[in-house]
Amino acid sequence: MKAFEKRPRPGPLAVRLQSWSRAVLQALEATFATPATPGAAPFGGASARWTRLLPYAFGVALVASLLPVTVHLLITDYDVPGALAGAIATAQTAPLLLATTRPLQAWWVVLPADIAGALVQLASDGPQARLWPWTPPAVVGYCALMLALGLREPRRTLVGVWLATGAAGYLLELVRPYGQSGVTTLLFVLSGVLLLLASSLRARGEAQRRLAEQETISEAERARRTLLEERARIARELHDVVAHHMSVITVQADSAPYRIPGLPDAAREEFTSIAGSARESLAEMRRLLAVLRSDGSEGERAPQPGLDRLQQLVEATVRAGVPAELSLAAELVDGRTEVPQAVGLSAYRIVQEALANAVRHAPGAPTRVSVREDGSGLLTVLVVNGPATERAAPLEGAGTGHGLVGMRERVRLTGGTLDTGPLPDGGFRVAARLPLAPTGAETAPGPDPGRGPAAN
């Protein structure tokens with residue numbers, strides 16, 4: 001016998017049966033997870049038309065099989081006249097068609113019809129009327145009705161239906177002239193089990209649906225909280241950037257009359273007005289910052305990092321196990337190209353988050369960081385990492401995308417653009433273009449940063 005044998009490929013019929021069963025299971029799962037709606041069929045949300053028609057086909061098949069069997073049984077075993085047997089059988093089985101959408105209304109017809117049939121059987125007293133008060137077709141139809149009820153009605157209603165079923169059967173037992181058959185107890189137990197099973201499945205589906213909804217809401221709240229925290233952090237960092245320049249303006253305006261001799265009085269008043277406006281702006285910024293700062297955030301008052309700290313950041317990433325390399329343009333290092341402090345800070349934070357994603361989701365992957373000025377007044381920041389090595393498994397599962405929220409918010413602040421996404425080889429790419437000259441875009445409303453692609 002060979003060690004490896006080719007398995008026979010399934011035929012077209014087997015493939016169709018697998019597809020059909022998969023569609024039915026998906027429809028059942030959707031039915032259990034969907035709240036009961038009066039007048040709606042169980043598979044109403046299915047995509048395939050034949051799946052939506054399946055409950056109606058089952059109801060028609062059930063009635064078509066039970067109706068003639070009931071008529072024949074009443075006539076031959078219980079000596080019920082043909083016309084009366086047909087009327088009773090129709091009343092007991094036809095409402096099952098209504099059970100597809102409104103099972104409780106169908107039950108209000110089926111139970112009295114079953115009781116009326118039991119009384120007719122008692123009056124007829126046929127020679128083989130041993131099963132009483134419920135005939136076998138009535139038991140089968142009633143069990144199907146219990147399944148439909150359990151999937152659609154609340155538990156209080158189901159308990160009432162179950163108790164009414166037992167009460168009707170045992171009251172009829174009191175006037176029964178034949179020996180014990182146990183049909184009443186059988187139907188009472190079966191109906192209770194079916195009601196409990198269907199109700200439990202529906203409750204489980206509703207719990208899963210609510211859990212999924214809650215997880216969606218929680219994810220949206222986490223994304224919103226991440227966005228707000230990042231904006232607050234940016235506001236604190238902007239204070240450190242802008243406050244320095246405002247302080248310089250204040251000092252220059254205050255010292256101008258002493259540094260520049262022979263200033264006219266109008267110029268002195270103008271410098272005094274400029275210094276006063278600068279002081280008011282600083283005071284307003286500090287008041288706003290007091291709202292954003294939390295207790296114990298003294299560490300955030302340290303000087304903010306910029307392009308000069310990128311080399312240290314890459315070296316720390318290498319120590320974390322990611323072979324990273326930095327390509328930083330010489331004109332950015334020696335100061336020939338002036339980089340605003342806000343742009344340098346944003347570039348540093350973007351590289352920091354991209355490297356953190358590489359360490360977290362692609363350990364051991366080679367990573368390249370490139371920062372340069374493209375000649376058109378834009379600072380280009382590019383971070384590209386390859387796929388995770390075979391020796392190291394990712395430290396975390398799929399990302400939530402929250403890291404990109406901060407990147408997009410910082411890029412929007414500077415008026416730049418951000419492009420992120422996976423690479424064909426399994427790696428990830430982060431590319432940002434930040435204008436080196438003020439564009440005024442930092443005050444304009446931008447797109448929702450939470451709508452970016454998922455994180456690496």
Side-chain angles (χ1 to χ4, degrees), residues 39 41 55-153 157-158 160-195 198:
Y56 300 99
F58 179 76
V60 171
L62 190 64
V63 173
S65 59
L66 292 180
L67 180 58
V69 172
T70 303
V71 173
H72 177 75
L73 187 68
L74 291 177
I75 293 175
T76 57
D77 289 0
Y78 295 92
D79 284 344
V80 178
L84 184 58
I88 293 175
T90 303
Q92 290 178 346
T93 58
L96 296 178
L97 295 173
L98 182 62
T100 303
T101 55
R102 299 186 180 276
L104 185 59
Q105 287 79 350
W107 177 79
W108 282 108
V109 179
V110 170
L111 182 62
D114 288 346
I115 296 174
L119 296 177
V120 170
Q121 297 164 25
L122 179 63
S124 299
D125 194 14
Q128 300 180 15
R130 293 183 176 86
L131 295 179
W132 194 88
W134 317 125
T135 61
V139 172
V140 174
Y142 202 85
C143 288
L145 183 58
M146 293 300 100
L147 281 175
L149 274 170
L151 293 176
R152 310 299 291 179
E153 300 298 330
T157 301
L158 300 183
V161 168
W162 183 59
L163 294 178
T165 301
Y170 286 115
L171 286 176
L172 289 173
E173 286 276 359
L174 298 178
V175 295
R176 183 181 180 194
Y178 314 111
Q180 297 292 328
S181 65
V183 179
T184 300
T185 302
L186 175 65
L187 181 61
F188 186 60
V189 173
L190 277 179
S191 61
V193 171
L194 293 174
L195 288 175

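Summarising the geometry of Leu145 relative to Ala99, their closest heavy-atom pair is CD1-CB, 3.6 Å, with the distance given to 0.1 Å. Across Pro136 and Leu73, no two heavy atoms sit closer than the pair CD-CD2, 3.8 Å. Nearest heavy atoms, Leu147 versus Ala198: O-CB, 3.8 Å. Across all their heavy atoms, Pro133 and Leu172 have their closest contact at CB-CD1, 3.6 Å. Heavy-atom minimum distance, Thr70 versus Pro137: OG1-CB, 3.2 Å. In terms of heavy-atom proximity, Pro95 sits nearest to Val110 at CB-CG2, 3.7 Å.
Here Leu158 contributes atom CG and Leu194 contributes atom CG; the two are 11.5 Å apart, rounded to the nearest 0.5 Å. In this structure, CD in Gln92 is found 10.5 Å from CD1 in Ile115, a value given to the nearest 0.5 Å. Atom CD in Glu173 sits 7.0 Å away from atom OG1 in Thr185 (nearest 0.5 Å). Between the CH2 atom in Trp108 and the CZ atom in Arg102 there is a gap of 16.0 Å [rounded to 0.5 Å]. Atom-to-atom distance recorded for Thr165:OG1 and Leu190:CG is 11.5 Å, nearest 0.5 angstrom. Separation of atoms CG (Leu104) and CG (Leu149) is listed at 6.0 Å; rounding is to 0.5 Å.
Here the side chains of Val161 and Glu153 are not in contact, with every heavy-atom distance at 4.5 Å or above. Taking the side chain as every heavy atom from C-beta outward, Tyr56 and Leu97 never approach each other to under 4.5 Å.
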Quiz item: Does the pair Leu96 and Leu66 meet the rule for a side chain to side chain contact (heavy atoms under 4.5 Å, CB included), with working shown?
Solution: CA-CA 10 Å; Leu96 296 178; Leu66 292 180; 4.0 Å; yes
Quiz item: Between Ile88 and Gln121, is a side chain to side chain contact (heavy atoms under 4.5 Å, CB included) present by the stated rule, with each step listed?
Solution: CA-CA 11 Å; Ile88 293 175; Gln121 297 164 25; over 6 Å; no
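Of the residues Phe188, Trp107, Tyr142, the one that meets the ring pair (Phe, Tyr, Trp, His ring centres under 6.0 Å) test with Trp162 is Phe188.
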